Asks: 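Let me give you the structure first, and then I'll get to my questions.
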Amino acid sequence: MTAATKPPRPLIAGNWKMNGLLAALAEVRALAGRLARSGKTGADLLLCPPATLLHPMAQALSGSAIALGGQDCHAEPKGAHTGDIAAEMLADLGCRYVIVGHSERRQNHGETDAEVAAKATAAQRAGLTAIVCVGETRAEREAGRAEAVVTAQLLASLPAGCTDRNTVIAYEPVWAIGTGLTPTAADVAALHAAIRRVLGQRFGAAAGCMRLLYGGSVKAGNAAELLAVANVDGALVGGASLSATEFWPIVEARL
Ligand code: PEP
């Protein structure tokens with residue numbers, strides 16, 4: 001098996017969104033404890049808390065294999081951008097990843113593909129791995145345009161220089177996020193195969209091992225099926241990542 005065809009190491013990532021006060025660090029400690037006691041090392045684990053919890057969570061995760069990530073970053077390294085956070089600041093706190101282009105940012109903050117690409121470039125500059133989110137709306141899926149929409153988003157949201165080390169793709173159908181709805185395993189397989197093809201055409205062998213995550217209402221009850229789909233190299237988990245009890249079975253499904 002060549003380096004280009006070696007299966008990517010799975011990544012199970014939790015996106016806490018705008019949830020969690022200091023007391024929620026108890027969940028992180030519980031998760032780290034379960035991971036350590038399991039003795040399993042078959043996947044990378046990542047938590048992306050709100051910015052207010054990055055520093056205390058870095059402390060809570062000290063000595064653990066669980067990585068830390070931001071939920072967004074600004075494209076510039078510093079400057080007059082009140083309320084924003086530079087990728088360099090995330091790296092400075094010990095983050096290794098940053099989510100860019102989540103559909104909630106695309107929808108609620110009007111982020112364009114070009115802005116997402118600029119943020120992914122910022123992540124590369126800062127030595128972070130960007131988790132670039134793409135996904136179609138319900139209307140786009142019902143119109144039979146899911147693959148075309150995701151392909152267009154990918155081509156416009158990924159900057160030059162993407163490799164399997166600095167970029168992860170998260171396919172997150174907008175209609176599946178936080179709704180309890182999920183695509184069928186066959187639909188996920190079709191989209192992930194299409195994403196793999198597009199990445200190969202754009203980046204060549206460098207994309208062969210790029211990790212493709214599925215996100216959207218992943219729960220303990222559906223994780224094993226979704227994570228077993230071809231070209232699904234892990235999951236981006238929202239609501240179920242807030243509780244160690246709910247997140248752990250998802251992690252275990254691929255650990
Ligand atoms: C997300 O926010 O990226 C997500 C997938 O959320 P949920 O798991 O709650 O659908």
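A quick note: this is a predicted structure, and the numbers were derived from the prediction, not measured. For ligands, and for the atoms within them, numbers begin at 1 and follow the listed sequence.
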Asks: Kindly tell me which protein residues have any non-hydrogen atom under 4.0 angstrom away from an atom of ligand 1, grouped by chain and ordered by number?
Replies: Asn15, Lys17, His102, Glu172, Ala176, Ile177, Gly178, Gly215, Gly216, Ser217, Leu236, Val237, Gly238, Gly239
Asks: Within the 3.5 Å criterion, strictly below it, is a donor on Thr137 or Arg145 matched to an acceptor on the partner's side chain?
Replies: no
Asks: Once salt bridge (Lys or Arg N to Asp or Glu O under 4.0 Å) is applied, do any residues pair with Arg141, and if so which ones, sequence neighbours excluded?
Replies: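 For Arg141 the salt bridge (Lys or Arg N to Asp or Glu O under 4.0 Å) partners, ignoring immediate neighbours, are Glu136, Asp187.
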Asks: Sequence neighbours left out, cut at 3.5 Å: what donor-acceptor pairs do the side chains of residues 120-130 make with other protein atoms?
Replies:
{"unit_1": "Thr121", "atom_1": "OG1", "unit_2": "Ala117", "atom_2": "O", "d": "3.0"}
{"unit_1": "Arg125", "atom_1": "NE", "unit_2": "Glu88", "atom_2": "OE2", "d": "2.6"}
{"unit_1": "Arg125", "atom_1": "NH1", "unit_2": "Ala75", "atom_2": "O", "d": "2.9"}
{"unit_1": "Arg125", "atom_1": "NH2", "unit_2": "Ala75", "atom_2": "O", "d": "3.2"}
{"unit_1": "Arg125", "atom_1": "NH2", "unit_2": "Glu88", "atom_2": "OE1", "d": "3.1"}
{"unit_1": "Arg125", "atom_1": "NH2", "unit_2": "Glu88", "atom_2": "OE2", "d": "3.3"}
{"unit_1": "Thr129", "atom_1": "OG1", "unit_2": "Arg165", "atom_2": "O", "d": "2.8"}

Asks: Which of parallel (below 30°), tilted (30 to 60°) and perpendicular (above 60°) describes His192 and Tyr171?
Replies: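 Geometry flag for Tyr171 against His192: perpendicular rings.
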Asks: Identify all side-chain donor-acceptor contacts of residues 147-155 below 3.5 Å with residues at least two apart in sequence or on another chain.
Replies:
{"unit_1": "Glu147", "atom_1": "OE2", "unit_2": "Arg197", "atom_2": "NH2", "d": "3.4"}
{"unit_1": "Thr151", "atom_1": "OG1", "unit_2": "Glu147", "atom_2": "O", "d": "2.8"}
{"unit_1": "Gln153", "atom_1": "OE1", "unit_2": "Gly135", "atom_2": "N", "d": "2.8"}

Asks: What closest approach, in Å, do Ile85 and Ala51 show between heavy atoms, and which atom pair accounts for it?
Replies: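 That closest heavy-atom pairing would be CD1-CB, 3.4 Å.
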